[in-house]
Amino acid sequence: LAHADRPPSPVNVTVTQLKANSATVSWDVPEGDVVIGYAILQQRQDGQMQRFIREVNTTNRACVLWDLAEDADYIIQVQSIGLYGESQASKRVHFRTLKETDRLPSNSSNQGDITMEGLDKDRQLQTGEIIIIVAVLLMWAAVIALFCRQYDIIKDNDSNNNKEKTKPSSEHSTPERPTGGLLRSKKKSPSVNIIEV
């Protein structure tokens with residue numbers, strides 16, 4: 001009766017994609033029983049940390065273990081969750097996480113490819129960012145150059161229009177700055193008046 005209520009234990013429990021801080025656990029479920037989820041007991045062999053992961057309403061047969069300590073021994077057991085309870089725990093599976101330094105000169109080509117892809121992506125991002133920055137700078141340079149050209153044209157037009165007006169006034173105004181010039185200009189204007197009278 002107990003066997004009818006509870007699903008059988010998961011089989012073929014394996015640990016893949018082993019890294020310094022994460023690993024993936026996968027397993028198989030024997031046919032014929034309704035399994036609605038799973039539960040994983042993850043424990044460090046030195047007993048420092050224990051984690052219980054429980055997931056229902058899923059047909060997943062794999063789970064990523066995250067936030068693991070590097071170069072540490074772990075034991076995991078998986079249970080199937082059925083409609084009327086959980087199965088017995090699977091066999092204990094032992095695995096050891098990698099050291100951080102093991103990730104780059106890794107023996108397995110798979111992980112090497114992953115790290116290379118990651119580096120290439122970073123490089124692509126950096127070159128992409130540089131291209132964007134250069135494009136923005138070129139745009140700004142073009143805008144500033146355009147503005148300066150237009151400003152010079154406006155200035156030239158203004159100076160051409162004002163040359164006739166400003167020339168006589170500037171001739172008068174320049175000698176007025178020194179005090180002698182001021183006096184001279186004051187003497188000149190009454191003498192002109194006297195001549196007119």
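Starting from 1, each residue takes its place in the sequence as its number.
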Participant: Taking the side chain as every heavy atom from C-beta outward, state whether Y38 and C63 have any pair of such atoms under 4.5 Å apart.
Facilitator: yes
Participant: Which heavy-atom pair separates E55 from I81 by the least distance, and what is that distance?
Facilitator: O-CD1, 4.1 Å
Participant: Measure from the side-chain N and O atoms of N21 to the backbone N and O of L68, and report whether any donor-acceptor pair falls under 3.5 Å.
Facilitator: yes
Participant: With respect to V134, which candidate in V136, I132, L137, L138 satisfies the side-chain contact (heavy atoms from CB on, under 4.5 Å) definition?
Facilitator: L138
Participant: Begin with the C-alpha distance, continue with both residues' side-chain angles, and end with the deciding distance and a verdict on side chain to side chain contact (heavy atoms under 4.5 Å, CB included) for V13 and K91.
Facilitator: CA-CA 8 Å; V13 178; K91 288 179 184 172; over 6 Å; no
Participant: Please identify each residue that fulfils side chain to side chain contact (heavy atoms under 4.5 Å, CB included) with Q50, with sequence neighbours left out.
Facilitator: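 Q50 satisfies side chain to side chain contact (heavy atoms under 4.5 Å, CB included) with L41, Q43 only.
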Participant: Spell out, yes or no, whether V93 and M49 are grouped together once hydrophobic residues are joined by side-chain heavy atoms under 4.5 Å, including indirect joins.
Facilitator: yes
Participant: On a heavy-atom basis, which atom in Q77 and which in A89 lie closest, and how many Å separate them?
Facilitator: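 Smallest interatomic distance, heavy atoms only, reads NE2-CB, 3.7 Å.
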Participant: At what distance, to the nearest 0.5 angstrom, does OG of S26 lie from CG of N60?
Facilitator: 11.5 Å
Participant: After noting the C-alpha distance and the side-chain angles of L65 and I53, does the key distance pass the side chain to side chain contact (heavy atoms under 4.5 Å, CB included) rule?
Facilitator: CA-CA 9 Å; L65 307 174; I53 302 162; 3.7 Å; yes
Participant: Does CD belonging to Q88 count more than 12 external heavy atoms closer than 6.0 Å?
Facilitator: no
Participant: Step through the shown structure and confirm whether more than 12 heavy atoms of other residues, nucleotides or ligands are within 6.0 Å of CZ on F52.
Facilitator: yes
Participant: Heavy atoms, side chains only, cut-off 4.5 Å: are Q42 and V25 in contact?
Facilitator: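 Counting from C-beta outward, Q42 and V25 never come under 4.5 Å.
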Participant: What's the spacing between F95 CZ and T14 OG1 if we round to 0.5 Å?
Facilitator: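 Taking CZ in F95 and OG1 in T14, the distance rounds to 11.5 Å.
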Participant: Any salt bridge between D73 and R44, counting N to O under 4.0 Å?
Facilitator: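 Answer for the salt bridge query: no.
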Participant: CZ of R96: more than 12 outside heavy atoms within 6.0 angstrom?
Facilitator: yes
Participant: Backbone N or O of S87 within a donor-acceptor pair of the S80 side chain at under 3.5 Å?
Facilitator: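 No.
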Participant: Just one of T97, T24, I76 clears the side-chain contact (heavy atoms from CB on, under 4.5 Å) bar with V15, so which one?
Facilitator: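 That would be I76; it is the only one of T97, T24, I76 passing the side-chain contact (heavy atoms from CB on, under 4.5 Å) with V15.
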Participant: Please check if the side chain of Y74 supplies one atom and the backbone of A69 the other of a donor-acceptor pair under 3.5 Å.
Facilitator: yes
Participant: Roughly how far, to the nearest 0.5 Å, is CH2 of W66 from NZ of K19?
Facilitator: 15.0 Å
Participant: Does the side chain of R61 come within less than 4.5 Å of V35's, by heavy atoms?
Facilitator: yes
Participant: Does the R92 side chain pair with the main chain of S90, one donor and one acceptor, at a distance under 3.5 Å?
Facilitator: no
Participant: Evaluate the side chain to side chain contact (heavy atoms under 4.5 Å, CB included) criterion for residues I40 and W27: first the C-alpha distance (whole Å), next the side-chain angles of each, then the deciding distance (0.1 Å), finally the verdict.
Facilitator: CA-CA 11 Å; I40 297 170; W27 60 90; 3.9 Å; yes
